[in-house]
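Both counts, for ligands and for their atoms, begin at 1 and track the order of listing. Keep in mind that this is a model prediction, so the values were computed, not measured.
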Amino acid sequence: METKGKIRSIGVLTSGGDSPGMNAAVRAVVRSCTYFGLDVYGIRRGYQGLIEGDVFKMKTTDVSGILQRGGTILKTARSKEFMTPEGMRKAYDEVTKHQIGALVLLGGDGTLRGATKFFETYNIPAVGIPCTIDKDLVGSDYTIGFDTAVNTAMEAIDKIKDTAEAHDRVFVVEVMGRDAGYIALNSGIACGAEDILIPEEITNMEEVLYRIYSDERRKKTVHIIVVAEGDELGGGKAVSDAVIARFPWLDVRLCILGHIQRGGSPTFADRVLASRLGYAAVKALAEGKTQVMAGVINGVVEYTPFANVIKGSTPITADMLEMIRVLSV
Ligand code: F6P
């Protein structure tokens, strides 16, 4: 899609769950706006802040020293009000009041879905940047924050493995991923987990229990099961309860990694991705593109219409799942 007239100013917001690298992307947006001669407005607390007029003009020095910081200097929120016609009207009034010509939206699928409706109703140009640790969007091979979150989970599971080995324990480690198993899959493979349970694959608990039984029989005393929180069995607690119920003599522990995966200094991969996509989003708006998400596919920046972005995620291939079984013998 193309915007009509030339854009003179851009508003930038971060919305939904934060992800490491959001700050690096905000920095890239602000600095790119300066390059393209555009005014840039920071909007605090996502769409909720927009509704409430929490808007301020930004200059390049406002984003100094934030590239390496987790969280988001713009703060974030999940706004129910923005999903209502009244909320959108208030947001539109603020966009008009501040003479914001276009929006750069940093967030996951909820953030972009919000933008689609807003754009359709008020014809405001918008470009999205995929920021979510879960990597549950199509339109970019990686989302900003995913690499950092997987590294955080990997380091944590490595540590858990040390203590598991010392005590000969079964550990169930729950990682984030409400609808997607990418963090579980990648951190589990990277740590040599014995089992990885993800929402994309129906979990057969009998098979999981059988694998523990087999390990026991051949005196393999450490067994790490990485579970995505969104696994249909009910996450880590349900899995550890089932293991305890079947093997009451085993020493079983549950560790839920939780929000530690959302924080921390972004990895180099997330910093580079954020810098590329922040620049690409502003460039796209300056060139007249709108209602698309900037992503990197096969190493190249690509723009995917919002309507296609929100449809789902890249499937986890059967050979990947087979490989886990082969390597965890
Ligand atoms: O950012 C996505 C995510 O990490 C999900 O995996 C998780 O279920 C959710 O956010 C939790 O978010 P919050 O605690 O902010 O509601």
(request) Under the side chain to side chain contact (heavy atoms under 4.5 Å, CB included) rule, what do T132 and S19 come out as? Steps first, then yes or no, please. (result) CA-CA 6 Å; T132 163; S19 67; 5.6 Å; no
(request) Give a yes/no verdict on whether any heavy atom in H259 is under 4.0 Å from an atom of ligand 1. (result)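 Checking ligand 1 against H259, which is what was asked, there is a heavy-atom contact under 4.0 Å.
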(message) Distance to the ring centre below 6.0 angstrom and angle to the axis at most 45 degrees; does that hold for K283 and F36?
(response)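 Not satisfied by the 6.0 Å and 45° rule.
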Do any nitrogen or oxygen atoms of [X] come within less than 3.5 Å of a nitrogen or oxygen of ligand 1?
X: T132; answer: no
X: G177; answer: yes
X: D134; answer: yes

(request) Among all protein heavy atoms, pick out the one at the shortest distance from atom 16 (O) of ligand 1; state its residue, atom name and that distance to 0.1 Å. (result)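 Of the protein heavy atoms, R78 NH1, 3.0 Å lies nearest.
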(message) Less than 4.5 Å apart, side chain to side chain, heavy atoms only: is that true for D39 and R8?
(response)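 Counting from C-beta outward, D39 and R8 never come under 4.5 Å.
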(message) Run F118 and F82 through ring pair (Phe, Tyr, Trp, His ring centres under 6.0 Å) and show every step you take.
(response) CA-CA 9 Å; F118 192 46; F82 184 70; 5.2 Å; yes
(message) If I compare all heavy atoms of S187 with all of M154, which pair ends up nearest, and what's the gap?
(response)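 Smallest interatomic distance, heavy atoms only, reads CB-N, 4.1 Å.
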(message) Does only the side chain of R262 get under 4.0 Å from ligand 1, or the backbone, or both, or neither? Count heavy atoms.
(response)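 Only the side chain of R262 comes within reach of ligand 1.
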(request) Group every Ile, Leu, Val, Met, Phe, Trp and Tyr by side-chain heavy-atom contacts under 4.5 Å, then state whether V239 and I244 land in the same group. (result)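 Shared cluster, yes.
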(message) Can you check which of Q261, E229, M176 brings a heavy atom nearest to atom 7 (C) of ligand 1?
(response)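 Closest candidate by heavy-atom distance is E229.
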(request) Under 4.0 Å from a heavy atom of I133: give me the atoms of ligand 1 that qualify, with their elements. (result)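 Answer for ligand 1: 4 (O).
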